[in-house]
Amino acid sequence: VAMCVNDILCHGAKPIFFLDYLANSSVDVSILEQIIIGINEGCKLAGCELAGGETAEMPDIYKNGEYDLAGFVVGAVEKSQMLPSKNIKAGDCLIALPSSGIHSNGFSLVNAVLEKTGDNSGELIEKLLTPTKIYVKEVLEFIEKGDEIKGLAHITGGGLYSNAMRIIPSGLDLTIDYSAIKTPEIFHWIQKNGDIETEEMFKVFNMGIGMVVVCEKA
């Protein structure tokens, strides 16, 4: 839910409804119930409805205990209010909104580091699986009050610079104060135990920034 609603938020859209799709070898009711509860909670945080979904049993495709989960969201925004704005200009400001953790990118690398360290402590796993932050309500509150947000960048795979550059007009570049980023400890753990270069960390992970707002410097 979080990745879907955060993505359409970057167009200034308010989520309306979400649908899910779950495929596995056979339905385990206890697991299915946990998944639906989680999806429903995400919809509540995003202010949208869980309109329904589809569950498919395919024992010839999936192994026991494996499942494939997908979904999509429908939202709405007035065409005149769609983001990013065409009036992003030199001198505008970037404001970083903190992430709740790893969010939903970089888990192939995380798994490789876990295999290398052999660390599977409950505290570590809980930090790694902290749910992705949903920014809908706090950002839409500013938009609805008339505070001018010129653009929003959802920081996912590709990292801070690449994702933010997608909404910057041709001919402009970004100046990022990396010293101002408060990177959660879990990223330092991954970097240290995976022996990963800082540049690569910023390409793979959000490093503590889940969303970037573009607005007037004032």
List the atom pairs, donor and acceptor, that lie under 3.5 Å between side-chain atoms in residues 201-208 and the rest of the protein, sequence neighbours left out.
unit_1: N206; atom_1: OD1; unit_2: S99; atom_2: OG; d: 2.8
unit_1: N206; atom_1: OD1; unit_2: G208; atom_2: N; d: 2.7
unit_1: N206; atom_1: OD1; unit_2: I209; atom_2: N; d: 3.4
unit_1: N206; atom_1: ND2; unit_2: G101; atom_2: O; d: 2.9
unit_1: N206; atom_1: ND2; unit_2: I102; atom_2: O; d: 3.3

Does any non-hydrogen side-chain atom of L97 lie less than 4.5 Å from one of V212? no

Same hydrophobic cluster for F142 and I8, using side-chain heavy-atom links shorter than 4.5 Å among ILVMFWY? yes

Would you kindly check if the NZ (Lys) or CZ (Arg) of K137 is within the cone defined by 45 degrees around the ring axis of Y135 and under 6.0 Å from the six-membered ring centre? no

Let me see the working for E148 and N87 under side-chain hydrogen bond (donor to acceptor under 3.5 Å, both in side chains), right down to the final yes or no. CA-CA 11 Å; E148 187 175 13; N87 64 346; 3.3 Å; yes

Tightest non-hydrogen contact, residues D7 and H154, listed as OD1-ND1, 2.8 Å

Just checking, any donor-acceptor pair under 3.5 angstrom between side chains of Q34 and D28? no

Can you give each donor-acceptor pair under 3.5 Å made by side-chain atoms of residues 46-64, sequence neighbours left out, with the distance rounded to 0.1 Å?
unit_1: E57; atom_1: OE2; unit_2: V27; atom_2: N; d: 2.8
unit_1: Y62; atom_1: OH; unit_2: D68; atom_2: OD2; d: 3.2
unit_1: N64; atom_1: OD1; unit_2: S25; atom_2: OG; d: 3.3

Less than 3.5 Å apart, which donor and acceptor atoms pair up between the side chains of residues 171-180 and the rest of the protein, not counting sequence neighbours?
unit_1: D173; atom_1: OD1; unit_2: Y161; atom_2: OH; d: 2.7
unit_1: D177; atom_1: OD1; unit_2: S179; atom_2: N; d: 3.2
unit_1: D177; atom_1: OD1; unit_2: S179; atom_2: OG; d: 2.5

Measure across S104 and T132 and return the closest heavy-atom pair with its distance rounded to 0.1 Å. OG-OG1, 3.2 Å

Got a donor-acceptor contact below 3.5 angstrom from the S100 side chain to the P131 backbone? yes

Does S162 use its side chain to pair, donor to acceptor, with the backbone of G159 at less than 3.5 Å? no

